[in-house]
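Reviewing the structure listed below.
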Amino acid sequence: QVWLVESGGGSVQAGGSLRLSCEVAAYTYVSACLGWFRQAPGSEREGLAMIGLDGRTTYVNSAKGRFTISKDNAKNSLYLQMNSLEPEDTAMYYCAADRRWEGNCRQPYDRTDFPDWGQGTQVTVSS
């Protein structure tokens with residue numbers, strides 16, 4: 001099974017923080033590059049960060065410095081810590097998995113063609 005389930009979204013004021021979680025099916029967790037993405041209304045889906053099976057992380061420009069991707073192997077879970085949130089961060093946030101390359105995250109690191117996706121969790125940042 002491939003399932004991914006996000007949680008942790010909500011409404012926050014500008015400058016606040018949120019921590020998103022993504023529970024991942026064990027079979028997927030141990031074989032995939034995992035990533036966080038977002039999509040705002042009227043915009044294309046945007047990659048934020050990826051983490052490989054070896055724990056190596058990569059970030060896209062909009063996420064650098066404010067967002068941190070991490071995972072907990074004991075819980076088969078992926079996280080995105082988001083700090084200093086801005087109204088422009090308002091979007092649906094998704095976690096996704098790519099099992100095509102044995103857990104390695106391949107370039108380009110801003111790609112959004114991951115095969116397997118969660119249902120998303122909404123983040124709303126008010127000014």
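All values derive from a computational prediction rather than experimental measurement. Values below: all heavy atoms of this structure, side chains included; hydrogens, waters and symmetry mates excluded.
- The CG atom of Leu20 lies 11.0 Å from the CZ atom of Arg38; values are rounded to the nearest 0.5 Å.
- Here the straight-line distance linking atom CG of Asn83 with atom OG of Ser17 works out to 4.0 Å at 0.5 Å rounding.
- The hydrophobic cluster containing Met82 also contains Val125, counting ILVMFWY residues as joined when their side-chain heavy atoms lie under 4.5 angstrom apart, directly or transitively.
- Within the 3.5 Å criterion, the main-chain N or O of Gly120 finds a donor-acceptor partner in the side chain of Glu6.
- In plain terms, the two heavy atoms of Cys105 and Met50 that are nearest each other are SG-CB, 3.8 Å.
- Once rounded to the nearest 0.5 Å, the distance linking CG of Leu18 with CG of Asp89 reads 10.0 Å.
- Counting heavy atoms from C-beta outward, Val5 and Gln119 have side chains that approach closer than 4.5 Å.
- Closest heavy-atom contact between Ala97 and Ala32: CB-CB, 3.9 Å.
- Taking CZ of Arg99 as the start and OG1 of Thr28 as the end, the distance is 5.0 Å to the nearest 0.5 Å.
- In summary, the side chains of Asp72 and Ser77 do not present any donor paired with an acceptor at a separation below 3.5 Å, with no hydrogens or angles considered.
- At distances below 3.5 Å, at least one donor-acceptor pair connects side-chain atoms of Ser31 with backbone N or O atoms of Tyr27.
- A cation-pi arrangement, defined by a distance under 6.0 Å to the six-membered ring centre and an angle within 45 degrees of its axis, is present between Lys71 and Tyr29.
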TODO: Apply side chain to side chain contact (heavy atoms under 4.5 Å, CB included) to the pair Leu48 and Leu80, showing each step before the final yes or no.
DONE: CA-CA 10 Å; Leu48 296 172; Leu80 185 69; 4.1 Å; yes
Task: Working for side chain to side chain contact (heavy atoms under 4.5 Å, CB included), residues Phe37 and Cys95 - done: CA-CA 6 Å; Phe37 305 81; Cys95 62; over 6 Å; no
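- A distance of 9.0 Å separates CZ in Arg106 from CZ in Arg111, rounded to the nearest 0.5 Å.
- Hydrophobic clustering (side-chain heavy atoms under 4.5 Å, transitive across Ile, Leu, Val, Met, Phe, Trp, Tyr) keeps Trp3 apart from Leu78.
- The hydrophobic cluster containing Tyr79 does not contain Tyr94, counting ILVMFWY residues as joined when their side-chain heavy atoms lie under 4.5 angstrom apart, directly or transitively.
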- [ ] Could you walk me through whether Arg100 and Asp116 pass the salt bridge (charged side-chain N to carboxylate O under 4.0 Å, His left out) test, one step at a time?
- [x] CA-CA 11 Å; Arg100 291 177 289 181; Asp116 302 308; over 6 Å; no
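- Using modelled atom types and a 3.5 Å distance limit, the side chains of Ser62 and Glu46 yield a donor-acceptor pair.
- Val60 is not connected to Phe67 by any chain of hydrophobic side-chain contacts under 4.5 Å among Ile, Leu, Val, Met, Phe, Trp and Tyr, and they are in different clusters.
- If you look at Tyr109 and Tyr59, their ring centroids are not closer than 6.0 Å.
- Taking CD from Glu102 and SG from Cys33, the interatomic distance works out to 13.0 Å, rounded to the nearest 0.5 Å.
- Between the side chain of Arg66 and the backbone N or O of Ser84, at least one donor-acceptor pair lies under 3.5 Å.
- Of all heavy-atom pairs between Ser127 and Ala14, the closest is CA-CB, 4.3 Å.
- Within the 4.5 Å cutoff, the side chain of Trp36 has heavy atoms near those of the Ile69 side chain.
- Considering every non-hydrogen atom in both Thr112 and Gly47, the closest pair reads CG2-N, 3.8 Å.
- Under a hydrophobic clustering in which Ile, Leu, Val, Met, Phe, Trp and Tyr are joined whenever their side-chain heavy atoms come within less than 4.5 Å, directly or via other members, Tyr93 and Leu34 fall into the same cluster.
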